Amino acid sequence: MRSLQYRPSSFKQLLFSCGGAQTLARIHALIVISGALAGPHSPGHLIAAYARLGDVAAARAVFRTSSNPTISTWNALIVANSRLGSPADVLRLYRLLAARPGLARPDSSTFTLALRACAHLSDLEAGEEIKNRAADLGYRYDVFVCSSLLNLYAKCGKMDDAVKVFDEMPKRDVVSWTTMITGFVNAGEPLEAIGMYKRMRLEGMEGDGIAMVGLVQASAALGDVRMGCSVHGYMVRREINLDVLVETSLVDMYAKNGFLDTALFIFNRMPYKNVVSWSALISGYAQNGLAGDALSMLIKMQDCGLEPDLVALVSAILACSQMGCLKLGKSIHCFIQRRFEFERISATAVIDMYSKCGSLISARALFDRISSRDLISWNTMIASYGAHGCGKHALSLFREMNKTKINPDQATFASLLSALGHSGFVEEGRYWFDRMVREYRIKPGEKHYACIVDLLARAGHVDKAHELIKSMVIEPGIAVWVALLSGCLNHKRLELGQYIAEKVLNLNPDDLGVYSLVSNVYAAAKNWDKVIEVRKVMKSMGMRKVPGYSLVEVCGQLHAFLMEDKSHPHYEKIAEMLQKLGFEMRKMSYVPKTEFVFHDLEEDVM
DNA sequence: ATAGGGTTAG
C-alpha cells in the first residue's frame, strides 16, 4: 500500500477491490493524505465504496466534503441510499437535482435509481414524472431507464402499460425480458410469462438464472412439474449458477406440487440456505397435508439457529388447522402477535385455524380486527360459518360483504352454497345459485353444482337434482354424483341409486368414504353381491390408504379415533358415554339411521 | 464504472 501512496489514479482500482470497513478506512486516509480529494478526481468511487459496505453515513460525509459534486458523485450517494433501502431518500435526492438544474444534470443512472425507488414505493405518479423528465433529456429509449420503468409498471399491476413500453423499446436485453417474465408471473399469468420467454429465445437471447427463476415460478403456478423439471435440467446443462434464490424457487416448485422427496433432496444439498428456503419447504409440507412434517421442520429450523419468518409461521398455522391442534395454533398466534405487525394474510390463516379447530368465536373476533379485509378474508370467514353449520351467519356476512367494494367470486359462492346446504336452507340456496349465474356472471363449477345437487337431493327433490346434473355444461364429476347418490339413499330411491352408484364406481373414486356410501346403497337395496364386491375394493384400498379419522384435542393432548378402533386407553369409558348420549338423543326424538350401516359397527357403537 | 430483473404464506 505504501508504494501506492503517491499514485492517486490507482485508488480507483484499490477502492473497487477493497474488502472490509477497516481496509476502506485506511485507503480513505491515504487518499486524504495524498491530497487526491482536493484534486480533479471525483470522490464518487470513495462514496461508492462506502455504499457497497452499506455505510451511508460515511458516504454522506465524503459527499459533503466535495465542493462541486459531479453527477457520478451524486449517483454514488443515491446508490448508498438505495442500498440501505431508503427509497424515500433516493427520491428526495433525485428531486433536489431535478429542482435545481445548476447542481448536476441527471443521467441514465440517476433516472434508473429514481424509478427503482418508485417501484419500491409503488409510486406511479412520481414514476410518470421521472419518465417524462428522462425522455426530455434523451433517455426515452435507454435500456436501463426502460427496464426500471417496466418494473415499476409490473409492481403496480399495470402490465398493459409495461407491454406498451416494452414493445416500443428498440433494444432489449436479458434484464428487460426478465422483468416482463417476472411481471406476468406476479400478475398471475404464467402462460404469458412463458410466452415472453419463448419470444426472447426466438430473438436469439439466452436466459440467465434470474430469468429461470421466473420460469420455475410459472411452472409452479401451472402445476407443470415436467416443465419445471426441464427448466431445472436446462440450468444444469448450461452450468447456470444455482444460487440460493434459484434453488429455493426449485424447492418451492417441487414441494408445492407434491414432489416432496425431490424437494427435500435439493434442500438437503443446498450449500447455503436461508429462512426463505426453509419456509418454502415447510409450506410445501403444509400445503400437501403433511402437517407433522411441516411442524418438525419448523423445529429443525429453529434448532439450526434460524428465526422463523411470518411465512414459516403461517405454514405452521396451516398445519395446526389440519391436525386440530388448537393449543399449538394459539401459541403460534401469540408468537406472531408479539413479533410481527398485524397483517392480513397471517390473520386470515389464523381465522381459518381457529375455525377448523372449533373456535368460531375466536375466528370471528380476529376477523373483526382486520381493518382492510380482502376477498380471501371474507371467503374464509363465510366458509367458517358454513363449516360450523351456521347458514344464517354465513348469509348475513355475505350480505355485509356485498355492501363493500369487494366482489364475491366463485369461492365465495361455493362457501355460501355449502353453508346454506348444510343448514337445510333449500330455497335460499336455489335463489343464490340462480343469482350467482345471472347477476354475478359466475360460471358454476363442479363445487357449486355439487352443493346445489346436495341441497336439492337432501330435501327430497332427487329428480330435480338429477335433472340439474343432466343440464350441466361441464362434465359432472364424482362430487356431483355422490351428492345425488346420498340423496337417493336418504330418500330410498334405490333403483336410481344403484344406477348412480354404477356411474360413481366407473369414475374410480379415490376415497374410502365414497365406497362406503356406494356399499350402503347396495346394502339398502339388498344387493349383497355388490356389497361384497365393493367391500373387497375397500379392503384392498384400506391397506394402501390411511383411512379417515377424527381428532380431538383435550388439554393439549391429541386423541385420534379410527373406524372400528378400540385402541384408545379410555375406550370403555368413551363407549359408555356414547351410549348415554345416544339414549339422551333418542329421548329428544332423534332417530339415528343405522339400517344401512355394517353390522359390526352397529353392534359396537349403538 | 455507476444504474435495471430473482426465493417463501392466507
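Given the structure is predicted, the values throughout are model-derived calculations rather than measurements.
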Count the heavy atoms of every other residue, nucleotide or ligand shown that sit under 6.0 Å from CD of A:E206, and state whether that count exceeds 12. yes
OP1 or OP2 of B:dT8 less than 4.0 angstrom from a side-chain nitrogen or oxygen of A:Q287, does that happen here? no
Where along residues 149-163 of chain A does a heavy atom come under 4.0 Å from DNA chain B, residue by residue in number order? A:N151, A:K155
Indicate, with a heavy-atom threshold strictly under 4.0 Å, whether A:V350 touches base, sugar-phosphate, or nothing. nothing
Does A:R83 have a side-chain nitrogen or oxygen under 4.0 Å from the phosphate oxygens OP1 or OP2 of B:dT2? no
Using a strict heavy-atom distance below 4.0 Å, which residues from residues 104-111 of chain A are in contact with DNA chain B? A:S108, A:S109
Considering every strand and a 4.0 Å limit on heavy-atom distances, what is the contact class for A:S82: base, sugar-phosphate, or nothing? nothing
With heavy atoms under 4.0 Å as the rule, sort A:I376 into base, sugar-phosphate or nothing. base
Kindly say if A:Q217 contacts the phosphate of B:dT7, meaning a side-chain N or O under 4.0 Å from OP1 or OP2. yes
Whether over 12 other heavy atoms sit under 6.0 Å from A:R344 CZ: yes
Distance test, side-chain N/O of A:R116 to OP1/OP2 of B:dG5, below 4.0 Å: yes
Could you check whether A:V145 gets within reach of a base, just the sugar-phosphate, or nothing at all, counting any heavy atom under 4.0 Å? nothing
Identify the heavy atoms of A:T248 and A:A280 that sit nearest to each other, and give their distance. CG2-CB, 4.0 Å
Name the nucleic acid region contacted by A:T179, choosing base, sugar-phosphate or nothing; use a 4.0 angstrom heavy-atom cut-off, strictly under. sugar-phosphate
Distance-only polar pair, side chains of A:S108 and A:D142, donor-acceptor under 3.5 Å: yes
Cationic N near anionic O, under 4.0 Å, A:R172 to A:E203: yes
Side-chain donor or acceptor of A:T178 under 3.5 Å from a matching atom on the base of B:dG5? yes
Using whole Å, what does the distance between atom C1' of nucleotide B:dG10 and atom CD1 of A:I345 come to? 6 Å
May I ask you to say what A:T182 touches in the nucleic acid, namely base, sugar-phosphate or nothing, with a heavy-atom cut-off under 4.0 Å? sugar-phosphate
What class does the angle between the rings of A:H393 and A:Y385 fall in, given that below 30° is parallel, 30 to 60° is tilted and above 60° is perpendicular? parallel
Classify A:V251 by what it touches in the nucleic acid, base, sugar-phosphate, or nothing, heavy-atom distance under 4.0 Å. nothing
Report yes or no: is the cationic atom of A:K171 (NZ for Lys, CZ for Arg) under 6.0 Å from the centre of the six-membered ring of A:Y141, at an angle within 45° of the ring normal? no
